[in-house]
Amino acid sequence: MSHASDDLSRVRKARLEKLAALEERGVEPFAYSFDVTRHAAPSVAGFEEREAEGDADGDGWAGSGRWAGRMVGFRSHGKSAFADLEDHTGRVQIYFRRNVLGDDAYTLLDLLDLGDWIGVEGTLFRTRMGQVTVLAEDFRLLSKSLRPLPLGKVEEDAETGERVTHSGFADRESRYRRRYADLAVNPGVRQVFRARTRIVTAIRRFLDDLGFVEVETPALQPLYGGASARPFVTRHLALDRVLYLRIADELYLKRLIVGGMDRVYEIAKDFRNEGIDRFHNPEFTMLEFYQAFADYEDMMELVERLLAAVAEAAGGSRGCTFQGAEITFERPFARVSFVGGLREAMGGDPLEAPEEELRARAEGLGVGDLEGAGRGKLMEKLFGELVQPALVQPTFVVDYPKELSPLAKEKRGAPRLTERFELFVAGEELANAFSELNDPIAQRARFEDQAALRAAGDAEAQMVDEDYIRALEYGLPPTGGVGIGVDRLVMLLTDQSSIRDVILFPTLREEE
RNA sequence: GAGCCGGUAGCUCAGUUGGCAGAGCAACGGACUUUUAAUCCGUAGGUCCUGGGUUCGAUUCCCAGCCGGCUCACCA
């Protein structure tokens, strides 16, 4: 009886035999260290530079060194062979010659496989075909690969320099489940995650420079709040109590403002027990920052500056291309009021329209489940259908209805609205911010409204957080706060259409 | 949760109007001292996602399930 894994085990068997042969020859197939002095891409570039200066030959200083990486290509010609070595900077070709290495070392090549980590000592030169290459004077196996990597073949167009990968590793499910293999064979994937790191670093630098203090607040919380979402529930054994994984950082960060830490931010995982699709992963990264004495107008300006800085860090310009759309982050971003935008789309004032009319219009658009939706939810649905998709360039939507925003301050001169904005880019929500509600009595009333919704069956309505009210009673200064979905920001700036392509290990169903 | 599409060799894919399962790359053996998707000769490799059903016979048709992708719903 044959099994799918038998073929793989045949490959493994062949490699295990090589492992034994290596050990028989006294070669340690899993080394402890290697003294790396050169890297692939910069050493090739450096060689070309020196060559241009007429200075490349016979010079051990510029051309020699030790490279380490994964062997991703191998072309044997009998008494000589070419290999491609890939490290984190790129690829460099290695040339092995029997008369340089000696018979003993040269025959070791027979025991190498694609995917093996090797260290090479040698000198750069240019081949007859013009390729800058390391002539190997010595090499060591650093780690044997027992399982074949799904390496594609990379073809470089001589004229355009474009790289075409043949075959390769494309199956999305396999790539997400075996991200290590995905990263090992798909350089573009590594680039996306490097960009992600640059983006997060740029966020930190921007806020640090403005005097914001990075903090860590609890991921395990006795009550969850700060957003509308269903939580993950867990249990602490020694305390014998239920704890929730946070759905937002908001209420803890504002407690810190009460404590006098007047500019704070956190970049952290939030957890929401909701569906999974290309915009949602159950654990995702959220940036939240709060600034005392600021209102949402100040925060809009801050967000404009932040995004321009971050876009520049990610791609070198104050813009990006997302799924074919050119996006620019030049200040000031467009603004539209929630009610105004909706009024224009509906041809009537949504605040004055009877609830039945809102419901009828929403139903007319075929927007799913409207069970138990109040005026706020209905308006939001309508907005999402009628206005939001057109918001391609960065646009602040401002002044949301009060019932949608239990943590935002009432708008000056418009008691049915709040001082809240959301930023939309490419039709997707990227940021959410308010002038924070700092009146403990008003906050209690809003919580109680939420509790009523909860009692009526809204699983996502917020809980009354007595300790948070207590903190507000000590005094929260006027404060502006912003939340930005980091994964979506990375998607936008790296032109990835699925959140799974910007999360290293996305949540998947159990395998098998 | 719903609809559509998909799951065949390690990888990328073809194919079977129901009759012994195909290619390229990777692997294995051989030739080759400047190749680069190296080339050339040869070899081996399969629970055709799983379980039922129909049938003389199912990888193919039917049903159920699992996993994934896309769209929708949900997610302010």
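We name chains A, B, ... by the order of the sequence lines, and we start the count at 1 in each one.
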Identity of whatever pairs with B:U47 - Watson-Crick or G-U, under 3.5 angstrom: none
For residues A:F434 and A:N432, determine if any side-chain heavy atom of one lies less than 4.5 Å from a side-chain heavy atom of the other. yes
Are more than 12 heavy atoms from other residues, nucleotides or ligands located less than 6.0 Å from atom CD of A:E48? yes
As a test of reading the structure: which of B:A27, B:G68, B:A76 is closest to the side chain of A:L508, going by heavy atoms? B:G68
Identified pairing partner of B:A31, criterion: Watson-Crick or G-U wobble below 3.5 Å: B:U39
Quick one: which of B:U71, B:A76, B:C74 gets closest to the side chain of A:R420? B:A76
If we only count heavy atoms from C-beta on, is the A:P401 to A:M379 side-chain gap below 4.5 Å? yes
B:C72 - base-pair partner by Watson-Crick or wobble geometry, distances under 3.5 Å: B:G1
Answer with yes or no whether the side chains of A:W117 and A:S145 bring together a donor and an acceptor at under 3.5 Å. no
Angle between ring planes, A:F383 versus A:Y400, binned at 30° and 60°: parallel, tilted or perpendicular? tilted
With both distances under 3.5 angstrom, what nucleotide forms a Watson-Crick or G-U wobble pair with B:U54? none
When the P atoms of B:C56 and B:A64 are compared, how many Å lie between them, rounded to an integer? 24 Å
Is the shortest heavy-atom distance from the side chain of A:Y468 to the side chain of A:L251 under 4.5 Å? yes
By the definition ring-ring contact (aromatic ring centres under 6.0 Å, His included), identify the one residue from A:Y106, A:F82, A:F139 that meets it with A:F96. A:F139
Salt bridge A:E436-A:K409, side-chain N to carboxylate O under 4.0 Å: no
Could you tell me the Watson-Crick or G-U partner of B:A14, where both distances fall under 3.5 Å? Say none if there is no partner. none
Please produce a list of atom pairs where a protein N or O lies less than 3.5 Å from an N or O of nucleotides 11-13 of chain B.
residue, atom, partner, partner atom, Å
B:C11, O2', A:G168, O, 2.0
B:U12, OP1, A:A170, N, 3.0
B:U12, OP1, A:D171, N, 2.8

Nearest-Å distance for atom pair CZ/C1', residues A:R509 and B:G1: 10 Å
Specify the separation, in whole Å, of atom CZ of A:R12 and atom P of B:C28. 15 Å
Side-chain atoms of A:S228 come closest, of B:A76, B:C70, B:A26, to B:A76
Protein proximity profile, nucleotides 31-36 of chain B - base contact B, sugar-phosphate-only contact S, no contact -, cut-off 4.0 Å on heavy atoms: -BBBBB
Of the options B:C70, B:A73, B:C28, whose atoms approach the side-chain atoms of A:R172 most closely? B:C70
Separation of B:G68 P from A:R278 CZ (nearest whole Å): 17 Å
Could you give the CG-to-C1' distance, from A:D449 to B:A76, as a whole number of Å? 16 Å
On the side chain of A:D277, is there an atom forming a donor-acceptor pair with the base of B:C70 - under 3.5 Å, no angle test? no
Using the C1' atom as the point on both nucleotides, what is the distance between B:C40 and B:U35, in whole Å? 14 Å
Protein-nucleotide distance (A:E274, atom CD; B:G1, atom P), rounded to Å: 14 Å
Between atom CG in A:L407 and atom P in B:A76, what is the gap in whole Å? 13 Å
Earlier contact from the 5' end, RNA chain B, for A:E380 and A:E173: A:E173
In whole Å, I'd like the distance from the CD1 atom of A:I94 to the P atom of B:A38. 16 Å
Closest to the A:D113 side chain: B:A37, B:C28, B:A76? B:C28
Scan A:Y176 against the nucleic acid and name what it touches under 4.0 Å (heavy atoms): base, sugar-phosphate only, or nothing. sugar-phosphate
For A:I247 against A:A227, the heavy-atom pair lying closest together: CD1-O, 3.3 Å
Partner nucleotide of B:A26 by Watson-Crick or wobble geometry (both distances under 3.5 Å): none
Measure the distance from CZ on A:F74 to C1' on B:A37 and round it to the nearest whole Å. 17 Å
Pair partner, B:C20 [Watson-Crick or wobble, under 3.5 Å]: none
Tell me, do A:R446 and A:L407 make a side-chain contact under 4.5 Å, heavy atoms counted? no
Lys/Arg-Asp/Glu bridge criterion (N-O < 4.0 Å) met for A:D399, A:R420: no
